[in-house]
Amino acid sequence: MQYLQWIIKGLAMGAADLVPGVSGGTLAFILGIYQRLLGAISQCNLTALQLLLRGQIKALWQHVDGTFLLCLFSGIIVSIFSLAGVISHVLSSRPIPLWALFCALILAALPHLCRSLNWTPWRLILAALGIVFSVLVGMLTPREFEPQSWMFFVAGAIAICAMILPGISGAFILLMSGMYAPVLLAVNELQLGVLALFMLGCIVGLLSFSRVLNWMLQHYHDASLALLIGVVIGALYRIWPWQQQQQLYWPWQYAEQVGQADMLLALVCAVFGAALMMLLLNMERWLKPVAQATGTSAD
């Protein structure tokens, strides 16, 4: 049952990573696996390489928390390759309901996140700084150009750093840098050479930046959590469904000044998103009866 939970959380992270403005790191942070993920990735170090060269595969697997990473990244990869085309189509045809779904996901999780920390004036200041940082990133404007091959490596390294930072979307950084459409095209058309460069950049960025975040959480845990919660709150600016050229509207204002606001469908998607987040947050508790009935463990 624990493996199933990790796979489901990986599926949710993969879907979030595809949407500019939403971060898989946000979902990992909300779902309580963020610090374990950073710790496991940080263990891909010289010790892991030595274990590999000695042929100590079992010790290596335990060292890097291999089962956890395998389940999580299996879910992420399956989600990305199965949903890339669907999400790309929805973003171009009916983006408002999709934004409403992910906005509701984060809003539904905020009370859970805020209760996880004992707030002090200093931590409130850090949260405010996180909000400001996230909003400023969300105000970046996109670029368009014809990318060179090496740019896919650089884009992968930068995007994965944003992807594992809660509240900052790797897909959004790709969009702002002009690399989102080329990368999505490479995924849809299985351009293996381009994807290999992008993945290599992701690996380099992931192994380096995860160590920085893991060190922060180990040495300044509560302060780091406050900052990250602020970044998650600030991300709502970028994914608010009713906006035009970085101008935010209430749904009825959007309908009057911009056009069709898709309010009914957006409301349905928002309710579904909130319910989905409640399901994900309480998954372990709700799976316990199933585990007991089947004689397995939910832990």
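Note: hydrogens, waters and symmetry copies are ignored here, and every other heavy atom, side chains too, is used.
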Would you list the atom pairs, donor with acceptor, under 3.5 Å between side chains in residues 252-261 and any protein atom, with sequence neighbours excluded?
{"from": "Gln253", "atom 1": "OE1", "to": "Trp250", "atom 2": "N", "distance (Å)": "3.0"}

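Counted within 6.0 Å of CG on Leu53, heavy atoms from surrounding residues, nucleotides or ligands total more than 12; the atom is thus considered enclosed.
Annotation for Val268: hydrophobic cluster partners, listed by chain and number, are none (ILVMFWY side-chain heavy atoms under 4.5 Å, direct or chained). Membership of an apolar cluster is not assigned to Leu192, as no side-chain contact below 4.5 Å to another ILVMFWY residue is traced. Hydrophobic cluster membership for Leu265: none, as no Ile, Leu, Val, Met, Phe, Trp or Tyr side chain comes under 4.5 Å of it. Listed by chain and number, the hydrophobic cluster partners of Leu267 are Val271, where partners are ILVMFWY side chains within reach of under 4.5 Å, directly or through others.
Sorted by first and then second residue, the pairs that involve residues 191-206 and meet side-chain hydrogen bond (donor to acceptor under 3.5 Å, both in side chains), not counting sequence neighbours, are Glu189-Gln191. For residues 109-122, the set of pairs meeting the salt bridge (charged side-chain N to carboxylate O under 4.0 Å, His left out) definition, not counting sequence neighbours, is empty. Applying the salt bridge (charged side-chain N to carboxylate O under 4.0 Å, His left out) test to residues at least two apart or on different chains, none of the pairs has a partner in residues 263-282. Within the structure, the side-chain hydrogen bond (donor to acceptor under 3.5 Å, both in side chains) test picks out the following pairs touching residues 30-41 (sequence neighbours left out): Gln35-His221, Arg36-Asp65.
Note: Ile233 CD1 to Ile131 CD1 = 4.5 Å, rounded to the nearest 0.5 Å.
In this structure Leu98 satisfies the side-chain contact (heavy atoms from CB on, under 4.5 Å) test together with Val19, Ile87, Val90, Leu91, Phe102, sequence neighbours excluded. Qualifying ring-ring contact (aromatic ring centres under 6.0 Å, His included) partners for Tyr220, counting only residues two or more places apart in sequence or in other chains: Trp215. For the salt bridge (Lys or Arg N to Asp or Glu O under 4.0 Å) test, residues two or more places apart in sequence or in another chain that qualify with Arg94 are Asp262.
Proximity of a side-chain donor or acceptor of Trp119 to a complementary backbone N or O of Cys114 within less than 3.5 Å is detected.
Taking every heavy atom of both residues into account, Val64 and Cys44 meet most closely at CG1-SG, 4.1 Å. For the residue pair Gln43 and Ala48, the shortest heavy atom distance occurs at O-CB, 3.5 Å. Between Phe198 and Ala155, the shortest heavy-atom distance links the atoms CE1-C, 4.0 Å.
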